[in-house]
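Read the structure below first, then the notes.
Worth knowing before you read on, the calculation uses all heavy atoms, side chains too, and leaves out hydrogens, waters and symmetry mates. Below, chains carry the letters A, B, ... as their sequence lines are ordered, and counting in each starts from 1.
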Amino acid sequence: MEESIFQPYIGSRPIFKMDRDILRPSFVPDRLPHREEQLDQLAQILATALRGDRPSNVLIFGKTGTGKTAVVKYIENELKKLDGGRAVQYVYMNCEIVDTPYGVLQNVANRFVENLSQRIPFTGLSTDRVYQMLVEKLDEEKRIVILVLDEIDKIVTKNGDDLLYQLLKINDDLTKAKVSLIGISNDLKFTEWLDPRVKSRLSDEKMVFPPYNAGELFDILQQRSHKAFDNGVAAESVLSLIAALAAQEHGDARRALDLLRVSAELAERAAEDRITEQHVQRAKNKIELDTVVEAIKSLPTQSKLVLLSIISNGEAGADRMTTGDVYGTYKELCRKTGMPVLTQRRVTDLISELDMLGLVHARVKSYGRGGRTKEVQSAVPFLEIKKVLEKDEFLAPVRGYRPKSQTTLI
DNA sequence: TCTCCACTGGAATTAAAGGCAG
DNA sequence: CTGCCTTTAATTCCAGTGGAGA
Ligand SMILES: Nc1ncnc2c1ncn2[C@@H]1O[C@H](COP(=O)(O)OP(=O)(O)O)[C@@H](O)[C@H]1O
């Protein structure tokens, strides 16, 4: 083989076979260990569709990586195999990505539009109008539509349950077609946000996906690694380690598979012929840092300013601070960067968002006479994150910034 | 019990993007 | 083409609420 500048990076000959796709989250294996019950239950519910009747609506609960999406997709594939006439159609919608009523209706309707020129635009129309177009499209044929709303809690907490109310009674407006809803939620308590009528209609059937324990994760990993690697690449001891680590993370199978994939990539890059426990540990660190770095890169500038304020204060020796302290530093950073200064009300919300992303810790605390406020603390390593933040061109003017000594810091 | 410093919920505003009727 | 309307995201404005130390 010719010498090329890419040589060191492409790994001229693979040390071991690895089928990356098999380890990706989008891959649906032909067997889902430890989800037999759920598969059965869902199959039973949806089998109705094959007889031409509308299946019950289903509400599925479970933390991330408990196999909810995998089970739904699996049944979708099975159903398609049996349904020759294509009278049953699946529509999958992730409400974390499409999180507005208009967006959901528009996207669903567009699945049924083949003619590009007739696609519904992403803005401009009224929501009612889009709903009407959706109804028309659906009713063009006799069919059963199974609408899967993943992360359904996201759209409810953000926009209320009006959209769900509308979708649940869409069958009243349809004559030929019938629609069933499958809602998938991470949050067991999200039904508290729902109108009781919406709640009962949506949850004709309820399913709960418990987190996997280490043993179950091990089985899942073993099944996948059999497919993805040659024998011996991923030893049982390595798989148990990964399973144990993922079990600590609320039994997240996605985490486990990510760990396995990244470990394998590290092993491959080091030109070793098997995955070692060291690779796993390194993979864990890499994934953790990568996730945080990605989250920060995609933050809007204002959030970056708030985060930088928190980090700078922390660096200056005040690990824990109040909202007021953050806001003080934030205002100064805005001045130096020429960015507009948002109100403290808004900054409070931005801090809460950073907390949700796990980038900072924030909890409300009362200091008696000192008032009641959030106690804020950075949750990310100062140096690395500062480097990432400072790559933002808007933050260029404050590279190397140190806050003025603030006596009020806790 | 008083009071401090924000938290927090909600309404209102603003600006962007874009369809549609005249 | 113009003016008007819709949705959405981000933000401001307003004001009631509250935990606990002095
Ligand atoms: N029982 C299982 N057997 C094999 N793979 C599984 C199983 N449960 C989950 N997975 C895999 O774990 C990953 C995450 O699962 P997913 O269904 O997307 O989780 P959720 O939707 O609950 O967040 C996917 O790659 C999926 O294939």
Side-chain angles (χ1 to χ4, degrees), chain A residues 93-110 113 115-137 149 151 153-167 189-190 192-195 298-307 309-310 313 318 320-331 333-335 337-357 360-377 392 394 406-410:
Chain A
M93 188 65 53
N94 189 325
C95 299
E96 189 168 24
I97 296 167
V98 181
D99 62 354
T100 66
Y102 185 102
V104 170
L105 293 173
Q106 184 243 139
N107 271 279
V108 175
N110 277 339
V113 178
N115 191 334
L116 277 178
S117 62
Q118 289 174 19
R119 305 196 99 223
I120 299 174
F122 76 94
T123 177
L125 306 179
S126 72
T127 310
D128 282 349
R129 189 82 193 285
V130 179
Y131 175 79
Q132 289 305 332
M133 295 167 87
L134 171 63
V135 168
E136 257 171 55
K137 269 293 156 199
L149 299 175
E151 319 261 344
D153 45 317
K154 292 287 166 5
I155 204 165
V156 173
T157 48
K158 212 168 145 272
N159 300 292
D161 58 4
D162 292 353
L163 172 74
L164 291 184
Y165 183 78
Q166 198 167 26
L167 285 176
K189 288 186 299 187
F190 105 99
E192 289 171 12
W193 291 75
L194 299 176
D195 180 299
S298 62
L299 243 35
T301 308
Q302 287 291 351
S303 297
K304 287 182 182 167
L305 281 167
V306 173
L307 180 59
S309 307
I310 295 168
N313 283 348
R320 297 161 177 212
M321 62 204 90
T322 68
T323 300
D325 299 326
V326 178
Y327 193 61
T329 308
Y330 162 81
K331 275 193 291 197
L333 287 176
C334 286
R335 260 215 350 268
T337 54
M339 298 302 291
V341 183
L342 302 182
T343 57
Q344 185 162 328
R345 174 73 184 82
R346 180 62 184 142
V347 170
T348 296
D349 281 349
L350 292 181
I351 293 174
S352 297
E353 282 171 26
L354 293 174
D355 179 53
M356 299 270 245
L357 289 171
V360 306
H361 297 303
R363 58 183 190 120
V364 301
K365 191 180 165 188
S366 179
Y367 297 87
R369 260 286 168 70
R372 186 169 158 272
T373 176
K374 279 197 179 78
E375 184 185 71
V376 188
Q377 189 178 190
D392 187 313
F394 292 113
Q406 292 193 9
T407 46
T408 61
L409 297 181
I410 305 159

> Where the side chain of A:Arg346 is defined as all heavy atoms beyond and including C-beta, which of B:dC20, C:dA10, C:dA9 is the nearest nucleotide?
Replying inline: C:dA10
> Rounded to the nearest Å, what distance is computed from the CD1 atom of residue A:Ile120 to the P atom of nucleotide C:dT6?
Replying inline: 18 Å
> Checking A:Asp153 side chain against A:Phe190 main chain: does a donor-acceptor pair fall under 3.5 Å?
Replying inline: no
> So what does A:Asp99 hit on the nucleic acid, given a heavy-atom distance under 4.0 Å: a base, only sugar-phosphate, or nothing?
Replying inline: sugar-phosphate
>> Counting primed atoms plus P, OP1 and OP2 as sugar-phosphate and everything else as base, spell out the protein contacts along nucleotides 13-21 of chain C at 4.0 Å heavy-atom distance: B, S or - for each nucleotide, 5' to 3'.
In response: BB---BBBB
> To the side chain of A:Leu342, which of B:dA17, B:dC7, C:dT11 is closest?
Replying inline: C:dT11
> Is it true that the side chains of A:Gln106 and A:Asn110 contain a donor and an acceptor less than 3.5 Å apart?
Replying inline: yes
> For A:Ile155 and C:dT8, what is the distance between atoms CD1 and P respectively, to the nearest whole Å?
Replying inline: 9 Å
> Using a cut-off of 4.0 Å on non-hydrogen atoms, how would the nucleic acid contact of A:Val347 be classed: base, sugar-phosphate, or nothing?
Replying inline: nothing
> Rounding to a whole Å, what distance do you find between A:Ile351:CD1 and B:dA6:P?
Replying inline: 10 Å
> Can you check whether A:Lys158 has a side-chain N or O nearer than 4.0 Å to OP1 or OP2 of C:dA9?
Replying inline: yes
> Taking all non-hydrogen atoms of both residues, which atom of A:Asn159 and which atom of A:Asp99 are closest, and how far apart?
Replying inline: ND2-O, 2.7 Å
>> Please report the distance, rounded to the nearest Å, between CG in A:Asp349 and P in C:dA10.
In response: 12 Å
> In whole angstrom, what separates A:Leu350's CG from B:dT8's P?
Replying inline: 14 Å
> Closest approach of A:Ile155 and A:Val98, non-hydrogen atoms and distance?
Replying inline: CD1-O, 4.4 Å
>> Please report the distance, rounded to the nearest Å, between CE in A:Met133 and P in C:dT7.
In response: 15 Å
> Of the nucleotides C:dA9, B:dA17, B:dC7, which has the atom closest to the A:Thr323 side chain?
Replying inline: B:dC7
> Atom CD of A:Gln302 and atom P of C:dT11: how far apart are they, to the nearest Å?
Replying inline: 6 Å
> Counting only side-chain N and O atoms of A:Lys374, is one of them less than 4.0 Å from OP1 or OP2 of B:dT8?
Replying inline: yes
> Reckon A:Pro300 touches a base, only the sugar-phosphate, or nothing at all at heavy-atom distances under 4.0 Å?
Replying inline: nothing
> Between atom CG in A:Asp325 and atom P in B:dC5, what is the gap in whole Å?
Replying inline: 12 Å
> Closer than 4.0 Å, any side-chain N/O of A:Thr100 to the OP1 or OP2 of C:dT8?
Replying inline: yes
> How close do A:Pro340 and A:Cys334 get, heavy atom to heavy atom, and via which atoms?
Replying inline: O-SG, 3.6 Å
> Which atom names give the shortest non-hydrogen contact between A:Trp193 and A:Val156, and what distance separates them?
Replying inline: CB-CG1, 3.6 Å
>> Within the 3.5 Å criterion, strictly below it, is a donor on A:Ser352 or A:Asp349 matched to an acceptor on the partner's side chain?
In response: no
>> By nearest atom, which of the nucleotides C:dT7, B:dA6, B:dA17 is closest to the A:Tyr102 side chain?
In response: C:dT7
> Would you say the side chain of A:Leu342 lies within less than 4.5 Å of the side chain of A:Leu305, judging by non-hydrogen atoms?
Replying inline: no
